[in-house]
Every structure is written in structure tokens, then in C-alpha cells.
Student: 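Next up is a structure, given as C-alpha cells.
Note on naming: letters A, B, ... go to the chains in the order of the sequence lines (proteins, then strands), and numbering restarts at 1 for each one.
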Amino acid sequence: AQSVTQLDSHVSVSEGTPVLLRCNYSSSYSPSLFWYVQHPNKGLQLLLKYTSAATLVKGINGFEAEFKKSETSFHLTKPSAHMSDAAEYFCVVSDETSYDKVIFGPGTSLSVIP
Amino acid sequence: NAGVTQTPKFQVLKTGQSMTLQCAQDMNHNSMYWYRQDPGMGLRLIYYSASEGTTDKGEVPNGYNVSRLNKREFSLRLESAAPSQTSVYFCASRLQGKSTEAFFGQGTRLTVV
């Protein structure tokens, strides 16, 4: 069965500094991986997804993630944090055994300090 | 372009009462999902439906029932609400296939007192 671990429940960065949000997954087969963002009292928005076409995936708002099969990781990065990036971020997995089952990680809360 | 629509947006129930959360999507998606979101626990899958007429348990199905009424609609029922079911509930839909993303409704905030 697939599962997701997000290693940090909370990350705090200064505006203009890099962001790293870590995600490790467990999957029996070739996974599909996603990052979603949720701003306070808002719905969920897709940031990016891994489609197996390329291991480095670019998303919206300057975010990107790198799929590393050997490390079973899909960490989210951004070169320079903006105040508007403060939100909850979720790493999500589904796999070939059941494309229909979509499992969320517990989330990482990102704070951006002015 | 409505996407995924959930009703109601807010609800307060007394312990033991029942209610049904409604969800409808207009994107012709095959798969539909119900999640609950609690602080520090992310979104946990309650039930999902891969197609009309099929439903499967997710991570936390106890205390809930679902109905996939047709391709568009997927309802979640609480037969006898408990305070532990106080949560924000999200419905989602997705086109079947590898790497297809899920689209979410705006959520239902349920409080059981």
C-alpha cells in the first residue's frame, strides 16, 4: 500500500531565502506524485505533478520538485520565498496498483518571515 | 464552470443526529473521493469510488457510508454523528489514469456537539 511521509510539520524561512519541503513516499510500483497547496481557509490547489516524463518537475509560482527513485523522495523547492507562499503544503501519492486511491501526507506548514 | 460542488458549506449537528453531505462534479470524471481534514493529520481518505456503482473503503471509513448515485454525484452519510467526526470534509474527483490530478470542492465544515 502506498503512503507518504512529510518530514517537517512546520518550516519557517525568511522572505527571499530558499524553501525546501521534504517528502518521502512508499509505493509498491511506479508512483504518481503530486504537491498541493492550501492557503488559510481556502481550498486545495495543485502545484505540480510527476508524470515520469522528467525527474525535475516545474510547477506554478516558481516551485519545482525532483523525483529521486533511489531515495523514494519528491522534495519541493523554491529559490526565493515570498510572503504569499505562507500556506500548508501536501505531498500526495497514488500508484499503479490502484490509480484510484490517492493518499495525502500529513502536511507541512510554511511560514515566511518578513 | 462549476468543477466540484459540495453542500452544505457549514453544518452543526448534535451527537446522534444523521446527515448527508452532497458532492457533484461536472467534469465527467470517473473517480470520486471523500476526505476529512484534521489539524496535523493532513487529508485522510474516507471512501472512494472508481466508477458509478462501485465504492471502496479508504483509511478511515468507520462511522460513514457513501453512495455513488450516478457518474456526477457522490454522497457521504453520517448515520449517528459523534464529536470525533467534527472535521472539514472535502470531496474530490479525478479522471482515471496515471498522473491525473484530483480536483477538490471547497469543503464542508462540520461540528458535532
Student: Tell me which of these, B/Gly42, B/Ala92, B/Ser31, has more heavy-atom pairs under 4.5 Å with chain A than the rest.
Tutor: B/Gly42
Student: Please give me the minimum heavy-atom distance between B/Ser99 and A/Ser32, naming the atom from each residue.
Tutor: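 Closest heavy-atom pair between B/Ser99 and A/Ser32: N-OG, 3.1 Å.
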Student: Provide the closest heavy-atom pair for B/Gly40 versus A/Pro106 in the form atom of the first, atom of the second, distance.
Tutor: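 That closest heavy-atom pairing would be O-CB, 4.0 Å.
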Student: So which part of B/Thr100 gets closer than 4.5 Å to some heavy atom of chain A, the side chain, the backbone, both or neither?
Tutor: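 Looking at B/Thr100, just its backbone touches chain A.
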Student: Taking a hydrophobic cluster as the set of Ile, Leu, Val, Met, Phe, Trp and Tyr residues connected by side-chain heavy atoms closer than 4.5 Å, whether directly or through intermediates, do A/Ile60 and A/Leu33 fall within one such cluster?
Tutor: yes
Student: Give, for atom CZ of B/Phe103 and atom CG of A/Leu44, the distance between the pair rounded to the nearest 0.5 Å.
Tutor: 12.5 Å
Student: Is B/Arg44 in contact with chain A via its backbone, its side chain, both, or neither, using a 4.5 Å heavy-atom distance?
Tutor: neither
Student: Measuring centre to centre across the rings, with the benzene-like ring taken for any Trp, is B/Phe104 within less than 6.0 Å of A/Phe104?
Tutor: yes
Student: Under a single-linkage definition using a 4.5 Å side-chain heavy-atom cutoff for Ile, Leu, Val, Met, Phe, Trp and Tyr, are A/Val11 and A/Val37 assigned to the same hydrophobic cluster?
Tutor: yes
Student: I'd like to check A/Tyr36 versus B/Leu43 (side-chain heavy atoms, cut-off strictly below 4.5 Å). Are they in contact?
Tutor: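 No; the side chains remain at least 4.5 Å from each other.
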Student: CD1 of A/Ile103 to OH of B/Tyr35: how many Å apart, nearest 0.5 Å?
Tutor: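 Answer for the CD1-OH pair, A/Ile103 versus B/Tyr35, is 6.0 Å.
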Student: Name the region of B/Leu45, side chain, backbone, both or neither, that has any atom closer than 4.5 Å to a heavy atom of chain A.
Tutor: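 Just the side chain, heavy atoms under 4.5 Å.
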Student: For the atom pair CD (B/Glu101) and OG (A/Ser94), what is the distance rounded to the nearest 0.5 Å?
Tutor: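 Spacing of CD (B/Glu101) from OG (A/Ser94) equals 11.0 Å.
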Student: What distance separates A/Lys101 NZ from B/Lys57 NZ, expressed to the nearest 0.5 Å?
Tutor: 11.5 Å
Student: Out of curiosity, does A/Trp35 fall in the hydrophobic cluster containing B/Tyr33 (side-chain heavy atoms, cut-off under 4.5 Å, transitive links)?
Tutor: yes
Student: Crowded around B/Asn70 CG? As in, over 12 foreign heavy atoms under 6.0 Å?
Tutor: yes
Student: Given the rule that I, L, V, M, F, W and Y join up when any side-chain heavy atoms are under 4.5 Å apart, are A/Met83 and A/Ile113 in one cluster?
Tutor: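 They do not share one cluster, since no chain of ILVMFWY contacts under 4.5 Å joins A/Met83 to A/Ile113.
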Student: Under 4.5 Å heavy-atom distance to chain B, tell me which part of A/Thr51 shows up: side chain, backbone, both or neither.
Tutor: both
Student: Between A/Glu88, A/His10, A/Lys42, A/Gln38, which has the largest tally of heavy atom pairs under 4.5 Å with chain B?
Tutor: A/Gln38
Student: In the single-linkage hydrophobic clustering (I, L, V, M, F, W, Y; side-chain heavy atoms under 4.5 Å), do A/Tyr89 and A/Phe74 co-cluster?
Tutor: yes
Student: Non-hydrogen atoms of chain A under 4.5 Å away: do they reach the side chain of B/Gln106, the backbone, both or neither?
Tutor: side chain
